[in-house]
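What follows is a set of notes on a single structure, which appears directly below.
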Amino acid sequence: MLPWRRFPLNEVNFAAQKLAFVIKYSSLIVSSGKIQDCDGMGSERVDTEGKARNKEAKMKRRKSDHGSTRAGGDAIKNNKKTPKTREKTDLGESHKKVMVFKSENLDSTISASESVKETDDDFSARKGPKIRRVKDESMDSDAIPTESVKETDNDFSARKGLKRKWVQDESMDSSVIPTSKKIKHKLGENSDEERKTKKSNKKMQKKVKCEDSNECKKPKRTKGEIEEARQLKIKKKEEEEQSRWRWWEEEKYEDGVKWRFLEHSGPYFPPEYQPLPDNVHFYYDGKKVKLSLAAEEVALFFAQMLDHEYTTKKVFRENFFKDWRKEMTDAERSLIQDLGKCDFGEIHAMHKAKVEARKNMTKEEKQALKEANQKIVDEFGYCLLDHHRERIGNFKIEPPGLFRGRGEHPKQGMLKKRIQPEDIIINCSKEACIPVPPAGHRWKEVRHDNTVTWLVSWTENIQGSIKYIMLNANSKLKGEKDWEKYEVARKLKSCVDNIRSQYRSDLKSRQMSTRQRAVALYFIDKLALRAGNEKEEGETADTVGCCSLRVEHITLHEQMDGKEYVVEFDFLGKDSIRYYNKVPVIKKVFKNLKLFLENKQPGDELFDRLYTSMLNKHLSSLMPGLTAKVFRTYNASITLQEQLKELTNKSDSVAEKLLSYNRANRAVAILCNHQRAPPKTFDQSMATLQSKIDARKEQLALAKSGLKQAKKEAKAKGSSEFKLQTLVERKKAAVKRCEEQLLKMEIQATDREENKQIALGTSKLNYLDPRISVAWCKNMGLPVDKIYNKSQRDKFAWAIDMTEVDFEF
DNA sequence: TTGTATACTTAGGAGCGTAACA
DNA sequence: TGTTACGCTCCTAAGTATACAA
């Protein structure tokens, strides 16, 4: 049976869930929908007072906890501070029994002999005075034997260890580096030209379309021309391959040094604001008002967004109006007091017309625009890093506009100010040509720091955070980091069993903070949750990760859906994406969670004695370089590898193999909760596809009855009738064709439905060791470009080049 | 020791171009 | 030939992790 057949159309809504059953960690199903609008759930549940209280209490505890380590453990503090909790720590009869961990999945790491006993004594010890004498040894780095972290020959760190002392290459001298072309900053220079061209072209546009439609047509290419183009493509590919910097064959610099020579053209600034044309007006309270340039520009930002839901949100409108008024003159400010009385209609219409015009540009206009953009890329889009020309990822300064935070962001609608050269810090080599600032301007600073990878930085005004211009994903600096990331994750593979044993035994630690750490680690490992750093309140949307989970985010069920000890998670994670999951956990985790919840309000922190910094410090003591994030990479990659093994056969067709690859990828995306908003036209396109399927089914039925009829006639008139025999053959072929088309459509429908809310790209680009995919392609006899597009192949060039068929993550 | 700054990765959406299809 | 769906690129927000200064 083909894999897709496992999910017939009428069950596709459950496809993602079903798919999750084939994942090793069967409890990882995320059966949620995505929250587009954080309705009551978030805001109702958020007990802001509780959060503030929480934070303060946590801070105090942080101080006392540090002290308590010396004083004999935080259990004492716990007793002092929360007597009620202490009274309620009787975990019942079950703790008198010997507990044996279920031997499945993650749990399998604990053997029967390792099963943990937890008796009332343990708890009374935690409660009683004895604890005062108990030294906290749980943080002892010896807990995991260092021998367990073995390095293999191909280990990255081993490679690091073999570091060759960097010999100053004479050719790196700035005098030898070809001087970059004269760097010229054209603050908005292009836009004028473009606008003029567009204007004149616009007039001609319809004429050209009607009169010269024949000229616009591409002349049909001859066979020779097609072959020539093919050869050219191959040649280009070869050239590209030859000119590729094979940095993975070179030695790394000493720690911290990122480059020896760096030269670039600086950032590309967005065009200056162009005032509204005379026939476009803003109205306040029904009266025409001519705004100052600064106020007009901000009004345009708002008008441009009128079709977006953002502009209907109270917070967005209030923030916008507040910031807009700051840009107004005194007179404007005293006049414009109510956003509801503002009429941006004409400005909005002008913007829409511009968008429409851009869509309707002629081929020539589009080509001219493309060339102009290419020119900008050529000038600003590359830098010289050591000997090599590297592509820059984001060389354009972010244009001003209204801040679009995700979810219920308290700062949405605020004005994102225009960045000036005076805000910009340039980073390049001392020997390099320093980029020239736009005429009449100067840079904030020029520095020469080769321990960082950024070329340009500035501080944005919304959150006060620093923005950077860095290299493209296919660059050495990014690739090397990526490789290193996967090597650390691979290293975790060799010691994950020990780490799991450790946190399992920590589940019955006498120290509350150690228990909390153990439960958090259990979640991070089992569910691939993010660490959950602390966030400044009121600065961002109310989202959480593992360590910042609050009481309101989990519900405990002793029994649920026929399973024991189920934890129901419901919270907003990164980007305000909802995480909803019902997970059976081991009894010890469940009991601990019960304990952590005691005497807490919904807005209180679940892990009130845990910080990501503590957690990571502990993890790095278990394995160098280990942080919470590494578990996500490790579990994602190992899941892909296992799923590929499970789902694919060498005898499968190419289509089947690719479907299996996507399914394995999808399993990881579900694990990591990578969701996307269903495409706007999803229902419509599914309906269209379904009607096509129905039509095809009818067609098939007709074809089948036609075939039956033809066979009947042929039989009646005898097999010698040649014409009738041909007709039968033709009908047979029609039926076959119909069936194949139907099959194809059904696969398409299933695949589309399964992918409705799942984003595969994020895991593919950030979590899946590319060497697994490359080795799989080699094993399956598939070209890598079946699974990686051009830019992905560039990003993973190191993996494509070095991976052998027998690679194991 | 703790808060803050900094550097970097991870993330989903918008918009555009193009392949597939009727 | 026109329409539609989808893949790709760009954009920038939102995380993680750590270095550093008070």
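In what follows, chains are A, B, ... by sequence order, proteins preceding strands, each numbered from 1.
Under 3.5 Å, the side chains of A/Asn673 and A/Gln675 contain a donor-acceptor pair of N or O atoms. A/Ser763 and A/Asn665 share a side-chain donor-acceptor pair at under 3.5 Å. Looking at A/Arg391 and A/Asn474, their side chains never bring a donor and an acceptor atom within 3.5 Å of each other. With no hydrogens or angles considered, no side-chain donor-acceptor pair links A/Glu534 and A/Ser548 at under 3.5 Å.
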*Can A/Phe571 and A/Tyr580 be said to form a ring pair (Phe, Tyr, Trp, His ring centres under 6.0 Å), step by step?*
CA-CA 7 Å; A/Phe571 62 89; A/Tyr580 181 80; over 10 Å; no

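Residues passing the ring pair (Phe, Tyr, Trp, His ring centres under 6.0 Å) test with A/Trp458, sequence neighbours excluded: none. Taking A/Lys485 as the reference, A/Asp482 meet the side chain to side chain donor-acceptor pair (under 3.5 Å) condition, with sequence neighbours excluded.
Following rounding to the nearest Å, A/Lys481 (NZ) and B/dT10 (P) show an atom-to-atom distance of 9 Å. Taking atom NZ of residue A/Lys756 and atom C1' of nucleotide C/dC6, one finds them 17 Å apart after rounding to whole Å. A straight line from NZ of A/Lys764 to P of B/dT10 spans 17 Å, rounded to a whole angstrom. Taking atom CD on A/Glu445 and atom P on B/dT6, their separation rounds to 10 Å, with Å as the unit. Distance CD (A/Glu537) to C1' (B/dT4): 18 Å, rounded to an integer number of Å. In this structure, A/Glu536 atom CD and B/dT2 atom C1' are separated by 14 Å, rounded to whole Å. The CD1 atom of A/Ile758 sits 12 Å away from the P atom of B/dG12 (whole-angstrom rounding). To the nearest angstrom, P of B/dA5 lies 13 Å from CD of A/Glu460.
Taking the six-membered ring for Trp and the full ring otherwise, the centers of A/His348 and A/Phe302 sit at least 6.0 Å from each other.
For C/dA13, neither phosphate oxygen OP1 nor OP2 lies less than 4.0 angstrom from any side-chain nitrogen or oxygen of A/His409. Listed pair A/Arg447 / B/dT6 fails the phosphate criterion, with no side-chain N or O lying under 4.0 Å from OP1 or OP2. Under 4.0 angstrom from either OP1 or OP2 of B/dA11 there lies at least one side-chain N or O belonging to A/Tyr767. Side-chain N/O atoms of A/Lys467 include none lying less than 4.0 angstrom from OP1 or OP2 on B/dT6.
Among residue pairs with one or both ends in residues 672-694 of chain A, those qualifying as ring-ring contact (aromatic ring centres under 6.0 Å, His included) are A/His674-A/Tyr767; sequence neighbours excluded.
Salt-bridge annotation for A/Lys252 and A/Glu484: present, with a side-chain N of the basic residue lying under 4.0 Å from a carboxylate O of the acidic one.
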*Take nucleotides 14-22 of chain B nucleotide by nucleotide from the 5' end and write B, S or -, depending on whether a protein heavy atom sits under 4.0 Å from the base, only from the sugar-phosphate, or from neither.*
S-S----S-

*Could you encode protein contacts along nucleotides 15-22 of chain C as a string, one character per nucleotide from 5' to 3', using B for base contact, S for sugar-phosphate-only contact and - for no contact, with a heavy-atom cut-off of under 4.0 Å?*
SBBS----

Provide a list of protein-nucleic acid N or O atom pairs under 3.5 angstrom, restricted to nucleotides 7-11 of chain C.
| from | atom 1 | to | atom 2 | distance (Å) |
| --- | --- | --- | --- | --- |
| C/dC8 | OP2 | A/Asn789 | ND2 | 3.3 |
| C/dC8 | O5' | A/Asn789 | ND2 | 3.3 |
| C/dT9 | OP2 | A/Ser791 | OG | 2.5 |
| C/dC10 | OP1 | A/Arg391 | NH2 | 3.4 |

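Using a distance-only test at 3.5 Å, with no hydrogens or angles considered, no donor-acceptor pair links the side chain of A/Glu539 to the main chain of A/Glu536.
Nearer the 5' end of DNA chain B, as judged by each residue's closest nucleotide, is the contact made by A/Gly464, out of A/Gly464 and A/Lys485. Between A/Thr762 and A/Ser465, the residue anchored closer to the 5' end of DNA chain B is A/Ser465, taking for each the nucleotide with the nearest heavy atom.
Of the candidates A/Arg578, A/Lys535, A/Lys574, A/Thr543 forms a side-chain hydrogen bond (donor to acceptor under 3.5 Å, both in side chains) with just one, namely A/Lys535.
Across all strands, A/Lys411 comes closer than 4.0 Å to no nucleic acid atom at all (heavy-atom distances). Within the nucleic acid shown, A/Tyr468 comes within 4.0 Å of at least one base atom, counting heavy atoms only.
Taking the side chain of A/Gln463 as heavy atoms from C-beta on, and the options C/dC6, C/dA14, B/dT10, the nearest nucleotide is C/dA14.
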